[in-house]
Amino acid sequence: MNPFPSLLRPVRPTLALVLAALCTFSAAARAEGSAASATGPRGGVEVSSSPATGEEATKAAPAPLAAKTGGVSVHVVEGARVLVDGADAGRADPAHPFELTLPPGDYSIRVVYDGGSNEKRKVLVTEGHVTTLDFRDLPGLRLLFEKRDRWLMGFTVGGGVFASDLEGSIGPQFEAGLVLNRALTKAVEFRTTIGLHGWVAEARGPNTFDQQGTYVGRDRIDTLGLAVSVEPGFVFHTR
Amino acid sequence: MGVSVAGRLGVGIPLSVQSDFGSTAPTTAASSFLVGVAPRASPLGFAFGESREHHIELVGGAIVSTVGGFGLDMGELRYSLLFL
């Protein structure tokens, strides 16, 4: 026998409503969480922030997760592990940016390349923004030693001023050719240009009149030169 | 996308035909064949693009030939497009 039938009747539907509301809220929270992950890491990594920030995020649970996070897009030059504040966040490959979804705050992002070298940078993650960290171009002298094994080829065109002797002949020059480029390190490339180099010298406008001012001829081209040129050389980059 | 400041050192090996058309009389035209070396340098250049595929450089140098010719590359703007 229920001594308080009048009390339980209204309670049951209330509990049911609360449970339903909790289930709905939980499902919505899961959906929001998965949506935030889907927009984030290619490698499926979502890194939590420091504990204090994490607690704040938990307290602000009703707000959408995406609105309380920021992103970091990490670009690497070769396969590397990505560490966020010392924690392994996954593996990045050079074909795609490695996306991290993080609560706002300061982070230390380190990439450890398969070759053993590593690089660390600080980043400030702000809410709703994606910050790009590009590790492909390393600063300083490390450029000289970081290997870059790659061939490129292309073409080249150019033009300028050429003096064909030391007697005042001067005229335009031009060239066109093929370029073979071999990247030795990130800073040094070995480049060979194979092409045609031509020049025109000279057009002596003032000399078309002699000392007495007599017209002695039209403007003229004194020299035409055409050279097949093979030009190996090194290109040095600062970054 | 990045911009890189580049320097360049190179040595050209020109094989050229140089025709001298003389002064006022075109019949004085003469040709000389020269073989030489052409040290060239580009102290200033800019490379940009995802793979630094665009390269603009200011080239200068000299041509010293085996037949006494001497050419002075007083400045040339060169553009290179590299692709795989």
Side-chain angles (χ1 to χ4, degrees), chain A residues 134 136-137 143 150-166 169-170 172-175 177 179-181 183 186-187 189 191-193 195-199 201 204 207-208 216-218 220-239, chain B residues 1-26 31-32 34-36 38-42 45 47 50-63 65 68-84:
Chain A
D134 197 339
R136 288 172 294 187
D137 295 313
L143 289 170
R150 186 171 60 182
W151 281 94
L152 291 174
M153 63 177 295
F155 64 90
T156 183
V157 293
V161 179
F162 190 80
S164 61
D165 54 41
L166 296 180
S169 302
I170 192 170
Q173 66 168 329
F174 54 92
E175 69 175 2
V179 179
L180 297 176
N181 194 85
K186 288 188 176 68
E189 296 172 352
R191 179 175 297 184
T192 301
T193 303
L196 288 175
H197 178 209
W199 61 90
R204 289 181 180 169
N207 288 347
T208 56
V216 295
R218 296 175 299 174
R220 63 186 184 278
I221 295 172
D222 265 4
T223 303
L224 286 175
L226 190 63
V228 178
S229 178
V230 180
E231 187 182 324
F234 290 94
V235 179
F236 306 93
H237 294 279
T238 56
R239 67 179 292 273
Chain B
M1 176 74 182
V3 176
S4 151
V5 179
R8 186 168 189 281
L9 290 174
V11 178
I13 306 169
L15 304 172
S16 77
V17 175
Q18 183 164 302
S19 297
D20 190 345
F21 292 96
S23 55
T24 57
S31 296
S32 61
L34 63 87
V35 179
R40 306 182 92 183
S42 168
E50 196 67 31
S51 301
R52 297 195 297 220
E53 63 267 27
H54 303 280
H55 192 187
I56 298 173
E57 60 182 338
L58 186 64
V59 183
I63 291 178
S65 81
F70 179 85
L72 193 60
D73 192 344
M74 301 181 70
E76 173 185 312
L77 200 60
R78 174 193 282 173
Y79 168 75
S80 303
L81 173 64
L82 300 174
F83 48 87
L84 288 174

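Convention: sequence-line order gives letters A, B, ...; per-chain numbering from 1. Keep in mind that this is a model prediction, so the values were computed, not measured.
Considering only heavy atoms from C-beta on, B/Glu53 stays 4.5 Å or farther from A/Leu152 through its side chain. Contact of the B/His55 side chain with the A/Asn181 side chain is not registered, since no non-hydrogen atoms from C-beta on lie closer than 4.5 Å.
What you find for A/Val179 and B/Ser80 is that their closest heavy atoms are CG2-OG, 4.3 Å. Of all heavy-atom pairs spanning A/Gly158 and B/Glu76, the tightest one is CA-OE2, 3.8 Å. Taking both residues in full, the closest heavy atoms of A/Ala163 and B/Met74 are given as CB-SD, 3.8 Å, listed atom of the first, atom of the second, then distance. In this structure, B/Asp73 and A/Phe162 approach most closely via the heavy-atom pair CA-CD1, 3.8 Å.
In this structure A/Phe155 satisfies the side chain to side chain contact (heavy atoms under 4.5 Å, CB included) test together with B/Leu81, B/Phe83, sequence neighbours excluded.
Highest contact tally toward chain B, considering only A/Gly177, A/Gly154, A/Gly198, is held by A/Gly154 [criterion: heavy-atom pairs under 4.5 Å].
The CD atom of B/Glu57 lies 6.0 Å from the CZ atom of A/Arg191; values are rounded to the nearest 0.5 Å.
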